[in-house]
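Letters A, B, ... mirror the listed sequences (proteins, then strands); counts begin at 1.
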There are 2 protein chains.
Amino acid sequence: MAQMDAKQAEKISKALSDPTRLKILSEIKKKNDWLYCVDLYDNINLAQPSICHHLKQLTETSIILPEKEGRNIKYTMNNEVIDDYIVFLQGLKK
Amino acid sequence: MAQMDAKQAEKISKALSDPTRLKILSEIKKKNDWLYCVDLYDNINLAQPSICHHLKQLTETSIILPEKEGRNIKYTMNNEVIDDYIVFLQGLKK
DNA sequence: GGAAAATATCGAAACATTTCAATGAATTAA
DNA sequence: TTAATTCATTGAAATGTTTCGATATTTTCC
């Protein structure tokens, strides 16, 4: 990703503006590397399609990266996107 | 503000997840210090109550700080909140 | 005090997001 | 190949956000 523009920053912000999605990110962080989708069903009190919906928003913005492993999917944090977003935020400051 | 928790980060994210609000922040940045509310009516193609609504969301989260000056209100960026938000984001990374 | 200017509030329409039950698709294991 | 497991999609209800016209509030200037 080059320089993040306002439209991209808006999308990242929106992806981060939901308690379930922040919870998912903290679960990934807790796992330290890869989090399996299946593990979320234990920790998040929502129906499976809802969790799937939130994961989609996080993957579509590339905040997390999915990897298929058999019939499971595991996710990892994409630090680059967060870093680019931080650069954008720094640019807002006076 | 002490350590920003997930609930606060969610609110900041939501405040930043709208094109008009990002535009307002870039206008404040452009002015380099203080932006007058009135100046936004020229640069943003929305009715006055809509702009007022967006300013409210930015002030309620303390992303910008208002100051009354006669019958005008001027706004400045609150770097601290952005910095605290950035610390929260860094904490999401692996 | 009365008129003008700047911002805020209210209420409703339009639009977007979240949630879930039902169902589909892909993969594994028996 | 059949059954079980995991994730994705669809469609609809509930909820939340954005927008604006109308109107209220606050301050200034005459």
- request: Can you tell me the distance, in whole Å, between the CG atom of B:L40 and the P atom of C:dT7?
  value: 9 Å
Presence of A:H54 side-chain N/O under 4.0 Å of C:dT17 phosphate oxygens OP1/OP2: no
message: Does A:K74 reach a base, just sugar-phosphate, or nothing at all? Heavy atoms under 4.0 Å.
response: nothing
query: Does a side-chain N or O from A:S50 land closer than 4.0 Å to OP1 or OP2 of C:dC20, or not?
result: yes
- line: Whole-Å distance, B:K68 NZ to D:dT27 C1', equals 7 Å
query: Do the non-hydrogen side-chain atoms of B:I64 and B:T59 ever get within less than 4.5 Å of each other?
result: yes
field: Given D:dC7, D:dT5, C:dT7, the nucleotide with the shortest approach to the side chain of B:V38
entry: C:dT7
message: Does atom CG (A:N45) have a neighbourhood of more than 12 heavy atoms from anything else shown, all under 6.0 Å?
response: no
query: With side chains defined as the heavy atoms from C-beta onward, is the minimum distance between B:E27 and B:L40 less than 4.5 Å?
result: yes
- prompt: Heavy atoms under 4.0 Å, any strand shown: does B:C52 hit a base, just sugar-phosphate, or nothing?
  reply: base
field: Nucleotide C:dT18, atom P - distance to CD of B:E10 in whole Å
entry: 10 Å
statement: Of the candidates D:dT28, D:dT6, C:dA21, the side chain of A:R71 sits closest to D:dT6
field: Spacing of B:N45 atom CG relative to D:dT18 atom C1', expressed in whole Å
entry: 15 Å
query: Which whole-number value in Å describes the distance from A:D18 CG to C:dT17 P?
result: 12 Å
- request: When you get a sec, tell me which of D:dG21, D:dT10, D:dT19 is the closest nucleotide to the side chain of B:H53?
  value: D:dT19
query: Can you name the closest pair of heavy atoms from B:N79 and A:K94 and give their distance?
result: OD1-N, 3.5 Å
- prompt: When you check the phosphate oxygens OP1 and OP2 of D:dA8, does a side-chain N or O of A:K56 lie under 4.0 Å from one of them?
  reply: no
field: Interatomic distance, B:R21 CZ vs D:dT19 P [rounded to whole Å]
entry: 8 Å
- prompt: Can you check whether A:L16 reaches B:L89 side chain to side chain, under 4.5 Å on heavy atoms?
  reply: yes
- request: Send over the distance from B:L16 CG to D:dT17 P, rounded to a whole Å.
  value: 15 Å
field: Length of the CG-P vector between B:L46 and D:dG21, whole Å
entry: 11 Å
task: Mind checking B:Q57 for me? I need base, sugar-phosphate or nothing, with any heavy atom below 4.0 Å counting as a touch.
output: sugar-phosphate
query: So what does B:Y36 hit on the nucleic acid, given a heavy-atom distance under 4.0 Å: a base, only sugar-phosphate, or nothing?
result: nothing
- prompt: Nearest to the side chain of B:P49 - C:dT17, C:dT7, C:dT9?
  reply: C:dT9
